[in-house]
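Numbering of residues begins at 1 and proceeds along the displayed sequence. Only this structure's heavy atoms are used, side chains among them; waters, hydrogens and symmetry mates stay out.
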Amino acid sequence: MKTVAGSLSFVLAFAVLACGGGSSQGLQNRDVPSGQEFGYETKEVAQDMGGERPDCPGKLSFVEPMDDAQKPTKGATVFNVVLSFAATRDLKVAYKQCDSPIVDASVNFTIQNDPDGLCSLASDMAYTGDDGIASDKLANVKQKVGQFQVKVCVEGAPDVPCLYFNVVVDPKGAPPLTVTFAEYKGSYPLIDTADVLLFKQGVNGKPKCADLKLDALPTAQVAQSGLSLSGAAVFTKLPNLEAEKKQTYTIIGLAHQGANGPTQAWACEDVKGVVEWGGKQYVELVLKDLAPRIVGSYEITSTFDLVSGLPPAVADVVYTITGFFQNPSAQIMLLACKLGGSSLEDFCGYMFADPSDPDIDELTGTGQVVFDIVNAILIGLLDQYCPYEEDPELCLKILFTGKDVSEILTKFQLISTFTFGKEPDEFGILAESSCQEVWHSVRLRWTLGKDCPPDDDNCGWQKFSFSAVPGIENTITGQFSAKLEPPIPGNPAYKDAWRLTIDPHHLELKYGALVNFALEKWLLPMLFGDGSDGLPAVDSYEALVGSLLAGRACLQTMDCCEQFAKQVAGSTGSVTENLVEGACEALIQTGANWLRSQLVGLDATPENFTLGTFIDPPPPKPCAIFDKNKDMKFDAFGAKDAPCLWDAKLVIGGATYAPKGEFYGNRK
């Protein structure tokens, strides 16, 4: 339905004519988005307001089938009238219910926005007759060019929509060009104001619509601004038309909310704007919505689940590593049997009842002694270096449940910057060359002991640049193509939101390096000592194994294996110091390397990571993208509480893995 402001504003058409002046000057360029429009059709859905009502409520309609602009009036709310000097005109409306006339109803006729008093009405109110028709007479009383509206409403029936007569006063009753707007059905319901700009075509037929860019419009030959969207731009005089006899104009319409709002819809017509001296031309413009600007940079927060649903071979590797945070004492003993080598095989044989199938619940006497030694050292480490000084038992809970370790990897956040260098083309396509991404940081969350409020997005998170991640060390860049599409009215998932589809593309994100960083470089020092007490930090698997076998102090003196060998040999009497020390050295060097390489080795597949929004299988799931402050610039991708979904594919260990991922972002 056409928007009609509470006080409809009609600007006098070229008031300078009253002083013998020429045509109006072109408008200054408005703040309009660059790029092309995205037009689409919508169906108006009737709103059920509740309560009882007749099957067909009373309705006003125009009596004449065509208005003076030769536009059909059936179902219209506006009737265009052209009135010559000193002329009169009957304004007729019909009031009916279910096609039956409503008799003796009071119908009010009110002149609006006629400050010069150009015309008068015979009466402010008329009654409907037996045919349901009410009529009032409009007369020109001041012979001056101008325009205004007559509003017609049923008295005492506020639910019946009013009608409007757009009236243009012209000395000959035939202005050479009148421009109106078709009923607007776009996605900006508050649009109420329009501008009309005329660009005269030269002998070469230019400028055409394709030659005019909305973000860099030249000065128009003639223009009218601040029109009601339901009104008309009436051009009573065009430059040099009398001398040239015939002219052709490219006509642009710009629509916005209020006089100073950014342009939200536009129209362009470069064929029908043919005017002749002594003739009259009517052109109706059909508005198309403009997409807000997407050009700019956005900070994107992506959250991935990096452990759920892993392929079996990869899961074995990851769970071996994470096992060190659930039962370090058991894992370090089992590691001795996994690695092989003479010293470790012999040591393994002393610890497990069945070295070929080691089970932490089936230890030999020597194995139990070793387990007790390592476990005692572990408890001491956690008690001494646990970051929760007031409740060190929290660190023990980590080892027994593994819950918080799991949450680190199931809510793994990566921070990136998406930059769009150009607006989409007329089909909404964003070329790969104009869409760049830079992945630069990782965010990890540890909430144990922090009592984080549920709505606090910053509590417990720590952010690290990729430069701190071994195996990555630099930002990861990429390019992608995308498509921007207009809102889908009535669709609950995308109502009032534009939609962005990001096509699948390759990124050199290294899964193993990221997971290894989270465990080795972040979690280890947080649990077992970060060096703040003067002792070496436990920030490597080598330091972890050494400190588990002999305590952190040995990392400073570099004699962890010597201390461990003396303690085991002295406690059991069944193994020599040389055997234990050799096995210890192998664990620290070979074992730590094995742990790290198992993860980092997963990144051997070139271009192993593919990312995009969901396209296949259907239905597609593009990202909702918003202009929240209505300044015609996109400022948000999804939202924290309603993130967009990634369709991620990761080739690791020879198998394809689809980690669950989601993202949201905001303009920088």
Please determine whether ring pair (Phe, Tyr, Trp, His ring centres under 6.0 Å) holds for the pair F637 and F626, giving the CA-CA distance in whole Å, both sets of side-chain angles, and the decisive distance to 0.1 Å. CA-CA 7 Å; F637 284 64; F626 302 95; 9.6 Å; no
Do N140 side-chain atoms and K142 backbone N/O form a donor-acceptor pair below 3.5 Å? yes
Interatomic distance, OG1@T110 vs CG@D124, rounded to 0.5 Å, equals 6.5 Å
Any side-chain donor-acceptor pair under 3.5 Å between S297 and T419? yes
Point-to-point distance, once rounded to the nearest 0.5 Å, from NE2 of H256 to OH of Y188: 14.0 Å
K633 side-chain N/O to D627 backbone N/O, donor-acceptor pair under 3.5 Å: no
Distance (rounded to the nearest 0.5 Å) between Q149 CD and Y164 OH: 7.0 Å
Pair listing, disulfide (SG to SG under 2.5 Å) test, anchored in residues 192-253, at least two apart: C209-C268
Take M632 and Q264 through the test side chain to side chain contact (heavy atoms under 4.5 Å, CB included) and record every step on the way to the result. CA-CA 7 Å; M632 293 306 288; Q264 296 175 303; 3.5 Å; yes
Is it the case that the side chain of D195 and the backbone of S225 share a donor-acceptor pair, with hydrogens and angles ignored and the cut-off at 3.5 Å? no
Side chain to side chain donor-acceptor pair (under 3.5 Å) test vs D289 passes for just one of W498, Y184, W266, namely Y184
Correct closest heavy-atom pair for G638 and Y664 would be C-CB, 4.3 Å
Check F634 against L484 and note the closest heavy-atom contact, atom names and distance. CE1-CD2, 3.6 Å
By the side chain to side chain donor-acceptor pair (under 3.5 Å) test, which pairs, at least two apart or in different chains, include something from residues 246-255? Q201-T250, E244-Q247, Q247-Y249
d(D211 CG, N204 CG) to nearest 0.5 Å is 8.5 Å
Heavy atoms of other groups near D130 CG, more than 12 under 6.0 Å: no
Any donor and acceptor pair, going by atom type alone, linking the side chain of T613 with main-chain N or O of I502 inside 3.5 Å? yes
Does a side-chain heavy-atom distance below 4.5 Å link C119 with F148? yes
Minimum-distance pair of heavy atoms, taken over all atoms of Q143 and A86: NE2-CB, 3.7 Å
Not counting sequence neighbours, which residues clear ring-ring contact (aromatic ring centres under 6.0 Å, His included) with F62? List them please. F79, F165
Main-chain N/O of I111 paired with D114 side-chain donor or acceptor, under 3.5 Å: no
Does Q281 use its side chain to pair, donor to acceptor, with the backbone of V274 at less than 3.5 Å? yes
Side-chain heavy-atom pair I252, L212 within 4.5 angstrom cut-off: yes
Using side chain to side chain donor-acceptor pair (under 3.5 Å), reason through H505 and E432 one step at a time and then give a plain yes or no. CA-CA 10 Å; H505 58 286; E432 183 177 302; over 6 Å; no
Closest heavy-atom contact between G253 and L287? O-CD2, 4.2 Å
Counting only N and O atoms by type, is there a donor-acceptor contact under 3.5 Å from the side chain of E437 to the main-chain atoms of F480? no
Look at the side chain of Y95 and the backbone N and O of D104, then say whether any donor-acceptor pair between them is shorter than 3.5 Å. no
Working note: V141 + L118, criterion side chain to side chain contact (heavy atoms under 4.5 Å, CB included); need CA distance, chi angles, decisive distance, verdict. CA-CA 6 Å; V141 296; L118 300 178; over 6 Å; no
Min side-chain heavy-atom separation R499-I625 under 4.5 Å: no
Any chance you could lay out the salt bridge (charged side-chain N to carboxylate O under 4.0 Å, His left out) test for R89 and D136, step after step, and finish with the verdict? CA-CA 8 Å; R89 179 70 172 270; D136 202 347; over 6 Å; no
Report yes if the side chains of N629 and D635 come closer than 4.5 Å at any heavy-atom pair, otherwise no. yes
Within the 4.5 Å heavy-atom criterion, are L238 and L198 side-chain neighbours or not? yes
Could you go through the side chain to side chain contact (heavy atoms under 4.5 Å, CB included) check for C644 and W646 one step at a time? CA-CA 7 Å; C644 302; W646 281 127; over 6 Å; no
Considering all heavy atoms of both residues, which atom of A220 and which atom of L197 are nearest to each other, and what is their separation? CB-CB, 3.9 Å
May I ask you to check whether over 12 heavy atoms, not counting those of K200, lie within 6.0 Å of atom NZ? yes
Within the 4.5 Å heavy-atom criterion, are N80 and T178 side-chain neighbours or not? no
K245 side chain to E242 backbone, donor-acceptor under 3.5 Å: yes
Could K208 and D270 be called an ion pair, given the rule that one side-chain N must be under 4.0 Å from one carboxylate O? no
Report the distance from atom NZ of K59 to atom CD1 of I102, rounding to the nearest 0.5 Å. 12.5 Å
For P65, does its backbone N or O pair with a side-chain atom of T73 as donor and acceptor, under 3.5 Å? yes
Could you measure the distance from the CZ atom of R293 to the CZ atom of R667? Nearest 0.5 Å is fine. 9.0 Å
Is there a side chain to side chain contact (heavy atoms under 4.5 Å, CB included) between L214 and T263? Walk through the geometry before answering. CA-CA 10 Å; L214 283 180; T263 299; 5.8 Å; no
Test item: E423 and I294 side chains (from C-beta on) under 4.5 Å apart, heavy atoms: yes
Closest heavy-atom pair and its distance - N166, S230: ND2-O, 2.7 Å
Side chain to side chain donor-acceptor pair (under 3.5 Å) between S481 and D503, worked out: CA-CA 6 Å; S481 55; D503 296 327; 2.6 Å; yes
Heavy-atom check, side chain of F109 versus side chain of L91, under 4.5 Å: yes
